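Since the model is a prediction, treat every value here as computed from it, not as a measurement. Atoms within a ligand are numbered from 1 in the order they appear, just like the ligands themselves. Count residues from 1 along the sequence.
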Amino acid sequence: MADAVVVISETIVQPESYEDGSDRVKIHLTPFDLFFLRTEYAQRALIFPQPDPETNIISQLKSSLSIALKIFYPLAGRLVKTHNEDDETVSFFIDCNGSGVRFVHASAVTVSVNDVLDPANAAVPGFWNAFFPLNGVESWEGVSESLVAFQVTELKDGVFIGYGNNHMVADGISMWSFFRTLTEICCSAGGQKMFPPLPLREWFLDGIDYPIRVPISETIFAKVVSPSSSPPDLRKKIFRFTSRSISELKEKANDEVVGFDDDEDTQISSFQAVMAHMWRSITKNSDLNPQEVVHCKLAMDIRQRLNPPPEKECFGSMVGLATATTTAGEMLNNGLGWVALQLNKTVRSQTNEVYNRFAENWVKTPKIPNGLVVNNSLVIASSPRFNVFGNDFGWGKPIAVRPGPGIAGHGKILVYPGTEQGSMEVHTSLWSHVLEKLLADGEFLQHVVRLY
Ligand SMILES: *[C@@H]1O[C@H](CO)[C@@H](O)[C@H](O)[C@H]1NC(C)=O
Ligand SMILES: *[C@@H]1O[C@H](CO)[C@@H](O)[C@H](O)[C@H]1NC(C)=O
Ligand SMILES: *[C@@H]1O[C@H](CO)[C@@H](O)[C@H](O)[C@H]1NC(C)=O
């Protein structure tokens, strides 16, 4: 089935009228960025309805992309690694030098929108990778690979836009803001609209000298030949929580919380209630011993928690991982409200001081993790607040959003808004034996709709 995708052309799109000058911007990387050096690019896809056959979407997208890259110039740069000979360390920065981004045009005339919507097909070896650029590429490879790349595949009855971005140049907030601008340029046929200059993040960590020095021994990474598909016993499912089931879970969690916490104002958010339901249900169906330690890592936007706060929606990567920890036994002896409260406490504990301490400690002994997704833990990323379905290139709103093949592992969870107002879609990867039990768990299913 992977043979169904045929590459028609592959080019580099550069920012429009880019002038190289000595004043070009250098973006130094923070401990929060360097932490992701060995993490695969974030891959996502938007699936669109079929455009009018008269529209030349490829030339339209390329010219809009070129204009958008002039505004979002860090995406068109490259990672630079420098060697500090005095102390055998290396440093990294992003050189916004207008190198451009990779753009692939492909065609899959025998593949329909329905084929790509079903994650079961994504498990067919090679199939899913064929729709995405930068498979298996890790952040440190941004020295030669583009920091973001796109693949536009024309399907039998729709268009599939797959992309990948380096974790160190932009996070989800920044990528969706880039997409919004790209669609606006595309719709205004040539960019008559004026866009304000991109707000970059300022230095937000006190007492850290840039560039950060990382021991060479920590940065000897071998290029792994990426497998053509995720591990065979890993399976994907998409669950939808309707706005009604979200309210029910939220109410249940908040009712149960009364009595656990002295803080009378404790409010469990909808997101925390839904994630608590996922975490508890997955743990329950994982056949763990009661004393086994389980984690839930939440990727959080640190912009809102810094003091002083940075400019709203400033461009860049500003993600911290907040980890809630308990044991399987303790979790199952308690209900939804207790689990939600653990998440709420973890979220609450993420403060400006905590971020600064993390950064200070990291700089002293830099450690770059190899793989974020591990057994007995969930990694939750993306957000139901991202305006996914507001991205219209002029041929209709997206039909769906899908994660790409990268960073595959048990417990990887991406949350998006659902197509219906107020709903959430939870894209889940789990070992098949856990998923099978989960799909037979009445308590879990009571609150979710199996989308695929
Ligand atoms: C940009 O910088 C990268 C990394 O130093 C280099 O490989 C590339 O050739 C440069 N591109 C341009 C257009 O200067
Ligand atoms: C967690 O609890 C605090 C109060 O203790 C509440 O104000 C807040 O809304 C909750 N956090 C989130 C992110 O919902
Ligand atoms: C994780 O769990 C899977 C399935 O239960 C098992 O095959 C694998 O060996 C485990 N990996 C580690 C590192 O424990």
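Annotation for Thr346 and Gln350: closest pair O-CG, 3.4 Å, computed over non-hydrogen atoms.
Between Phe160 and Trp128, the distance from one ring center to the other falls under 6.0 angstrom.
When atom types are taken as modelled, the side chain of Asp392 and the backbone of Gly396 share a donor-acceptor pair closer than 3.5 angstrom.
For atom 11 (N) of ligand 1, the choice among Gly98, Ser99, Ala76, Ser144 with the nearest heavy atom turns out to be Ser99. When the heavy atoms of Ile12, Thr82, Val80 are ranked by distance to atom 4 (C) of ligand 1, first place goes to Val80.
Geometrically, ligand 1 and Arg78 share no nitrogen or oxygen pair separated by less than 3.5 Å.
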>> Set out, in order, the CA-CA distance, both residues' side-chain angles and the distance that settles side-chain contact (heavy atoms from CB on, under 4.5 Å) for Asp33 and Phe92, then state yes or no.
In response: CA-CA 10 Å; Asp33 302 329; Phe92 296 88; over 6 Å; no
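Residue-level proximity to ligand 1 for Asn97 is carried by backbone and side chain together, each with a heavy atom below 4.0 angstrom.
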